[in-house]
Student: 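Got a structure for you, questions after.
Labels below follow one simple rule: chain letters A, B, ... track the order of the sequence lines, proteins then strands, and each chain is numbered from 1.
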Amino acid sequence: MIEVRDLHKKYGELEVLKGVDASIKQSEVVCVIGPSGSGKSTFLRCLNMLEEKTSGTIIIDGRDLDDRKVDINDVRAEVGMVFQQFNLFPHRTVLENIMLAPQKVRRITKAEAEKRAYALLEKVGMSAKAHSYPRQLSGGQQQRVAIARALAMEPKIMLFDEPTSALDPELVGGVLEVMKELAREGMTMVVVTHEMGFAREVADRVLFMDKGYIMEEGEPEAIFLNAQNERTREFLNLVLK
Amino acid sequence: MATFDWAGVIEFLPQLGKGLYYTLLISVFGIGIGFVLGAFFGLGRISKNKFIYGISTVYIEIIRGTPVLVQAIWIYYALPLVIKSLTNSDFTIGSLTAGIIVIALNSGAYIAEIVRGSVQSVDKGQMEAGRSLGLNGKQTMRYIIWPQAFKRMIPPLGNQFIISIKDTSLLSVILVPELIFQGRQIASNYYNAVEIYTTVALFYLVITLLLSFTLRFIERRLDV
């Protein structure tokens, strides 16, 4: 589903990704962990070209992002993204947030978009807030709406960029529940996260990134209980205390 | 002059009314066109296209850096001469048309900066969220960025509209028969400058107050 080969990203002189290779299969849930500044968010943002890579190859669902015939908007329509800061549209109600892209990009009717939006709100437990504005919601509620908004495009892949890092601790659970449900349904997911419990429980595979490289990868148990790389062990020691 | 003669102003109200008509006419069309120019060049200032960015910057800097009075003289006196010699025709420009062009060009430059500032003040995450959903750049601008930016533009736009309305008073130098032009004619014939100019000032005040109230109303309506 996702193929990444020798991905490099530089900001001027600063090289944030120094040759990342990854391969993610359909229905696989991959959690990316690592210290801040390790390049994990940049890696994720390169996958839907919110960051332009410096070099390397990215193939999403059979489409090479360097191919001139590939329209990046078509690729993005298949790749949902959930942000740390939610990024809901503040001037639109919850329902309107969810309905916009399917109507404008998928060209479905308003009635159809509304039906889909209500179904998704039901799924993320936010039906009661359909007509509220984002600022009337808690962070956790906003993030669940943001997930519904991304799902409304019926994407094949979902990217999560530290989806619970901006939330108050008591609101994290609700968002993780929604993500677990998605994982159970077979969504292909790449999750940059600091939630080690979630990674351990839900991920099929964990990537540990540091200093612009993937230092180690493997099944959650292998990483969390028996990490081979020194840096991985140091990091896990610090966060799992 | 021994005393003020306020009652005497009444007989000149029809003539001042004519001036008011031209002041409003030029303000409405000048600022209306100015807003379109401002939106275009304001977005031009954010454009990645170097040519559009360059043109927008040159336009804004020239207009902001020169007095309105001189701009009026350029458009009314100098521009027709240039066009005439370039095209070998008898091109002329009416003072009313010239007046509208001056206000449009002038307010356009300031509005462009207002537009640029407001659009850039919208959180970068909004553009990313729109693009990540598959909306293209234009759609994201239209449905997500612009509505949020527009709301933030209203207070500075109100400010600029008021400045532009008062700037129309400078157009008397290119013989536009607006309020100040009429006032000056009356005052120089009847030696009642204080009464007439005070009345003229009240006219401006009424227009700008009405505008302020209207904008405040719109702002509240958008503040859902």
Side-chain angles (χ1 to χ4, degrees), chain A residues 41 44-45 47-52 71-93 96-107 131-136 142-143 145-161 166, chain B residues 35 38-39 42-43 46-53 111 114-158 214-224:
Chain A
S41 280
L44 192 76
R45 291 162 57 83
L47 296 181
N48 67 350
M49 278 180 90
L50 284 185
E51 299 290 345
E52 216 169 316
D71 181 349
I72 184 61
N73 294 316
D74 294 343
V75 177
R76 283 176 175 149
E78 307 296 337
V79 181
M81 176 123 181
V82 175
F83 300 87
Q84 182 176 355
Q85 297 297 337
F86 331 129
N87 295 343
L88 291 179
F89 309 136
H91 61 301
R92 292 175 166 262
T93 64
E96 290 166 346
N97 261 275
I98 301 174
M99 287 166 60
L100 177 70
Q103 285 182 86
K104 301 301 171 193
V105 180
R106 297 272 192 237
R107 303 266 166 218
H131 298 286
S132 301
Y133 283 88
R135 64 183 158 75
Q136 298 167 318
Q142 290 194 46
Q143 194 60 298
V145 171
I147 293 172
R149 179 177 69 180
L151 291 175
M153 290 296 289
E154 301 184 332
K156 294 180 177 155
I157 298 167
M158 284 285 283
L159 309 177
F160 293 84
D161 189 4
Chain B
F35 185 74
L43 295 177
I46 314 167
S47 172
K48 285 189 193 122
N49 182 317
K50 287 220 170 76
F51 179 73
I52 295 176
Y53 173 83
I111 292 170
I114 293 171
V115 167
R116 179 184 67 83
S118 306
V119 168
Q120 284 181 335
S121 78
V122 175
D123 182 54
K124 174 168 136 297
Q126 293 289 309
M127 180 54 94
E128 293 188 348
R131 299 307 305 272
S132 78
L133 288 163
L135 295 164
N136 63 34
K138 268 192 196 130
Q139 288 172 321
T140 310
M141 187 50 103
R142 175 171 165 198
Y143 299 112
I144 296 167
I145 308 297
W146 185 263
Q148 295 180 57
F150 186 72
K151 209 181 113 186
R152 297 177 197 191
M153 282 175 215
I154 292 175
L157 276 181
T214 312
L215 286 168
R216 216 164 297 166
F217 176 75
I218 295 173
E219 206 180 337
R220 267 206 306 270
R221 284 289 300 278
L222 287 175
D223 194 28
V224 280

Student: If you count heavy-atom pairs within less than 4.5 Å of chain B, which of A:L100, A:L159, A:V82 leads?
Tutor: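 Looking at each option in turn, the highest pair count goes to A:L100.
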Student: Taking all heavy atoms of A:F89 and all of B:Q126, pick out the closest pair and write down the distance.
Tutor: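 Shortest heavy-atom contact: CD2-OE1, 3.2 Å.
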Student: Quick one: what part of A:F83 sits under 4.5 Å from any heavy atom of chain B, side chain, backbone, both or neither?
Tutor: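 The side chain, not the backbone.
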Student: Name the option with the most non-hydrogen atom pairs under 4.5 Å to chain B; the candidates are A:L50, A:D74, A:D71.
Tutor: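 When all of A:L50, A:D74, A:D71 are compared, A:L50 has the most.
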Student: Is there a donor-acceptor pair closer than 3.5 Å between any side-chain N or O of A:N48 and the backbone N or O of B:S132?
Tutor: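 Absent.
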Student: Which residue out of A:R45, A:R106, A:M49 racks up the most heavy-atom pairs below 4.5 Å with chain B?
Tutor: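 So the answer, after comparing A:R45, A:R106, A:M49, is A:R45.
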Student: Check A:R76 against B:R131 and note the closest heavy-atom contact, atom names and distance.
Tutor: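 The answer is CD-O, 3.0 Å.
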Student: B:D123 versus chain A, heavy atoms under 4.5 Å apart: side chain, backbone, both or neither?
Tutor: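 Side chain only.
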Student: How many angstroms lie between CD in A:Q103 and OH in B:Y143, if you round to the nearest 0.5 Å?
Tutor: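 One gets 9.0 Å once the value is rounded to the nearest 0.5 Å.
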Student: Considering all heavy atoms of both residues, which atom of B:Q139 and which atom of A:V105 are nearest to each other, and what is their separation?
Tutor: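 It is OE1-CG2, 4.4 Å.
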Student: Please step through side-chain contact (heavy atoms from CB on, under 4.5 Å) for the pair A:M81 and B:L133, ending with a clear verdict.
Tutor: CA-CA 8 Å; A:M81 176 123 181; B:L133 288 163; over 6 Å; no
Student: Quick one: which of A:I72, A:L88, A:V79, A:V75 has the most heavy-atom pairs under 4.5 Å with chain B, could you say?
Tutor: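 Option with the greatest count: A:L88.
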Student: Can you measure from NZ (B:K124) to CG (A:N87) and round to the nearest 0.5 angstrom?
Tutor: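 Output value for this atom pair is 9.0 Å.
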Student: Between CD of B:E128 and CD of A:Q85, what distance do you get to the nearest 0.5 Å?
Tutor: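 Nearest 0.5 Å value for the CD-CD distance: 11.0 Å.
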